[in-house]
Amino acid sequence: MRVRYFAWLRSRLNRAEEAVAPPPGVTTLNGLIDYLATLSPGHAAVFEDRSVIRAAINQVFADLDASVAPGDEVAFFPPVTGG
């Protein structure tokens, strides 16, 4: 699974993306976030408040209860506003 980070998430993790292989029980974005938070203290800090994070699966906006699969591209970013 390819995980991409944008905006302040990218800055705080000091990476734009990473390849991860979550355990088989990880089937939703919430589960993926739980898994990612175990990777490092930086990951734990970034994912501490899920209310400030939005996600997309294969370039389609998704709720945190959406399903994920091993070949997916998942992106995390802050809420976006227009103007």
Side-chain angles (χ1 to χ4, degrees):
M1 180 179 298
R2 183 175 165 198
V3 179
R4 302 184 71 196
Y5 304 103
F6 293 92
W8 62 262
L9 291 96
R10 178 182 179 164
S11 296
R12 290 188 187 167
L13 288 171
N14 198 31
R15 69 186 69 192
E17 63 182 68
E18 61 188 326
V20 299
V26 174
T27 59
T28 65
L29 281 171
N30 270 317
L32 178 60
I33 289 171
D34 289 341
Y35 168 73
L36 292 171
T38 69
L39 297 181
S40 75
H43 285 82
V46 163
F47 291 112
E48 185 174 35
D49 183 2
R50 294 174 193 201
S51 69
V52 298
I53 295 175
R54 299 296 176 259
I57 302 170
N58 300 320
Q59 300 182 5
V60 177
F61 287 106
D63 293 326
L64 296 182
D65 60 352
S67 296
V68 293
D72 286 341
E73 176 189 78
V74 177
F76 292 106
F77 45 89
V80 179
T81 60

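Positions are given from 1, in the same order as the sequence printed here.
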Please list all pairs meeting side-chain hydrogen bond (donor to acceptor under 3.5 Å, both in side chains) that have one or both residues in residues 21-30, counting only residues at least two apart or in different chains.
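Listed once each, the pairs are Asn30-Arg50.
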- Cluster partners of Val52, using ILVMFWY side-chain heavy atoms under 4.5 angstrom, listed by chain and number?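 Its cluster mates, by chain and number, are Met1, Val3, Tyr5, Trp8, Leu9, Leu13, Val20, Val26, Leu29, Leu32, Ile33, Tyr35, Leu36, Leu39, Val46, Phe47, Ile53, Ile57, Leu64, Val68, Val74, Phe76.
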Exceeds 12 heavy-atom contacts within 6.0 angstrom, atom CZ of Arg10:
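For Arg10, atom CZ is not crowded (no more than 12 foreign heavy atoms under 6.0 Å).
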Worksheet entry | Within 6.0 Å of CG in Asn14, more than 12 heavy atoms from elsewhere |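 Check fails, neighbour count at 12 or below.
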**Message:** I need the minimum non-hydrogen distance between Ala75 and Phe6, along with the two atoms involved.
**Reply:**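 Distance-wise, the nearest heavy atoms are CB-CE1, 3.8 Å.
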Checklist line | Closest non-hydrogen atom pair between Ala44 and Ala37, with its separation | finding: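 Looking at all heavy atoms of both residues, the shortest contact is CB-O, 3.4 Å.
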N/O donor-acceptor pair under 3.5 Å between Arg54 side chain and Ser51 backbone: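 The answer is yes, because a donor-acceptor pair under 3.5 Å joins these two groups.
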### Message
To the nearest 0.5 Å, what is the distance between CZ on Arg15 and NE2 on His43?
### Response
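Between Arg15 CZ and His43 NE2, I get 4.5 Å after rounding to 0.5 Å.
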| task | To the nearest 0.5 Å, tell me how far Arg2 CZ sits from Glu17 CD. | result |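 One gets 4.0 Å once the value is rounded to the nearest 0.5 Å.
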